[in-house]
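Note on naming: letters A, B, ... go to the chains in the order of the sequence lines (proteins, then strands), and numbering restarts at 1 for each one. Values below: every heavy atom of this structure, side chains too, minus hydrogens, waters and symmetry copies.
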There are 2 protein chains.
Amino acid sequence: MSPMDSAAARDRALDAAEELYYARGVSCVGMDELRGTSGLSLKRLYQLFPAKEQLVAAYLARRDERWRGRLAARVARQPEARERIPAVFDWLEEWFGEPGFRGCAWINVHGELGATSELVAEQVRAHKEAFRDYLDTLVAEADLPAALTGPLFLLAEGAMVTAGITGSTRPAAEAREAARTLVAAAGRDGLSRPAPTA
Amino acid sequence: MSPMDSAAARDRALDAAEELYYARGVSCVGMDELRGTSGLSLKRLYQLFPAKEQLVAAYLARRDERWRGRLAARVARQPEARERIPAVFDWLEEWFGEPGFRGCAWINVHGELGATSELVAEQVRAHKEAFRDYLDTLVAEADLPAALTGPLFLLAEGAMVTAGITGSTRPAAEAREAARTLVAAAGRDGLSRPAPTA
DNA sequence: CCATCTGGAGAACGCTCGTTCTCCCTTGCT
DNA sequence: AGCAAGGGAGAACGAGCGTTCTCCAGATGG
């Protein structure tokens with residue numbers, strides 16, 4: 001049990017937290033169940049995270065890193081800059097179809113704890129801002145007007161929340177088509193056009 | 001007192017539920033606090049609603065009626081059929097700016113209880129479906145293709161969730177502009193055009 | 001080989017919750 | 001006037017929460 005194991009214990013704790021909190025909501029999962037799933041003792045859990053709120057925040061932070069990493073990796077497979085924007089919605093569609101998908105973890109946790117825990121609310125705002133910034137770089141790389149970022153972000157958020165409520169992957173396809181239309185309309189204005197298309 | 005008071009008591013209970021549940025989340029508000037705010041005794045509360053879950057469902061049902069009523073009233077002030085779609089986002093913007101706005105009650109409660117209470121999850125799905133159906137009638141009245149409903153719905157949902165997280169009214173304006181673009185693009189196709197515009 | 005310490009298992013604590021029960025006062029009927 | 005009925009106030013109850021404490025097995029250093 002060298003200090004190296006402390007990192008492994010942290011991972012186990014966060015694995016259990018992610019599995020249980022995402023599936024059933026934070027307040028439905030007690031520390032006892034977390035102890036059982038992680039295999040860690042309550043004492044160890046509390047020396048890693050001094051309170052449940054911090055464990056929730058750490059779970060959200062690690063999930064944020066992984067979520068944006070998976071998205072970026074999937075989108076980066078698309079060489080054409082302007083095609084990377086629809087690729088965002090392709091990835092959303094794959095995500096919505098995964099077994100156990102229950103909507104956006106940050107939207108859900110904001111509904112649950114946003115009014116109660118400022119620490120959690122801040123994690124949610126940070127995650128959404130990072131996602132929006134990422135979309136913004138895609139828009140810039142495609143030489144499209146920056147005003148496109150907002151609408152694309154709203155389409156993605158709407159798709160996440162709707163897929164979470166209805167359990168369908170269809171919102172991703174609808175959002176992708178709408179995004180294509182908006183991109184085409186923005187490209188049609190003389191505002192910021194890349195090299196001529198045809 | 002007389003049976004008439006039973007309806008008044010119900011209203012008081014739902015008023016208190018709406019005020020407290022929306023502002024702070026359902027699980028943060030106990031029945032004791034509800035008793036204090038409503039002025040009703042615990043006994044009366046429990047004979048009106050046999051369990052907290054039913055009170056939550058009733059609160060959501062009454063709010064659904066009022067919310068859609070306010071939206072429809074605001075939109076109906078717009079005589080031009082095609083202008084009624086942006087009017088939806090005008091109303092969202094007004095709503096987002098109201099004091100005490102904390103996002104969409106149904107999205108929030110879905111994050112909080114959607115995984116736990118099937119009764120609540122069903123209320124959320126019914127509300128969102130009713131909103132989508134309403135948008136669909138606006139699209140039909142404007143002689144626009146039915147495929148426009150999905151994207152408009154996603155823009156509205158994205159605006160609600162983003163306004164709830166960031167506390168800004170800006171998402172409504174972004175969504176309205178995007179909606180205008182989508183409406184224009186749909187009208188440009190020969191699919192279903194009303195009388196020529198110019 | 002013994003003293004010391006670390007961490008595991010889980011009991012215990014204090015609190016809050018949803019729900020029910022007790023007690024008392026009012027009220028309306030005969 | 002007297003009496004059943006019902007509602008108000010709030011205590012009580014059992015369960016579950018987050019957090020802490022107790023106790024003990026086993027490793028470690030001299």
Peer 1: Closest nucleotide of DNA chain C for A:Gln47 versus for A:Arg35: which of these residues is on the 5' side?
Peer 2: A:Gln47
Peer 1: Can you tell me if CD on B:Glu80 sees more than 12 non-hydrogen neighbours from other groups inside 6.0 Å?
Peer 2: no
Peer 1: Whole Å only: how far is the OH atom of A:Tyr21 from the C1' atom of D:dG18?
Peer 2: 10 Å
Peer 1: Between B:Arg24 and B:Glu33, does any NZ, NE, NH1 or NH2 come within less than 4.0 Å of an OD or OE carboxylate oxygen?
Peer 2: yes
Peer 1: Could B:Arg102 and B:Tyr22 be counted as a cation-pi pair, given that NZ or CZ must be under 6.0 Å from the ring centre and within 45° of the axis?
Peer 2: no
Peer 1: Whole Å only: how far is the CZ atom of A:Phe49 from the P atom of D:dG18?
Peer 2: 15 Å
Peer 1: Using atom CG of B:Leu40 as one end and atom C1' of D:dG10 as the other, report the distance to the nearest whole Å.
Peer 2: 15 Å
Peer 1: May I ask you to evaluate whether A:Arg44 reaches the phosphate of C:dG8, defined as a side-chain N or O under 4.0 Å from OP1 or OP2?
Peer 2: yes
Peer 1: Taking only residues two or more places apart in sequence, or in another chain, which ones meet B:Phe89 in a ring-ring contact (aromatic ring centres under 6.0 Å, His included)?
Peer 2: none
Peer 1: Rounded off to whole Å, could you give me the CD-to-P distance for the B:Glu33 and D:dG10 pair?
Peer 2: 16 Å
Peer 1: Polar pairs (N or O, both sides) under 3.5 Å between protein and nucleotides 19-21 of chain D?
Peer 2:
unit_1, atom_1, unit_2, atom_2, d
D:dT19, OP2, A:Tyr46, OH, 2.9
D:dT19, OP2, A:Lys52, N, 2.9
D:dT19, O5', A:Tyr46, OH, 3.4

Peer 1: Check this for me, if you would: do B:Glu174 and B:Arg170 make a salt bridge, where the nitrogen-to-carboxylate-oxygen distance has to be below 4.0 angstrom?
Peer 2: yes
Peer 1: Inspect the contact between B:Arg82 and B:Glu141 and indicate whether a charged nitrogen and a carboxylate oxygen are less than 4.0 angstrom apart.
Peer 2: no
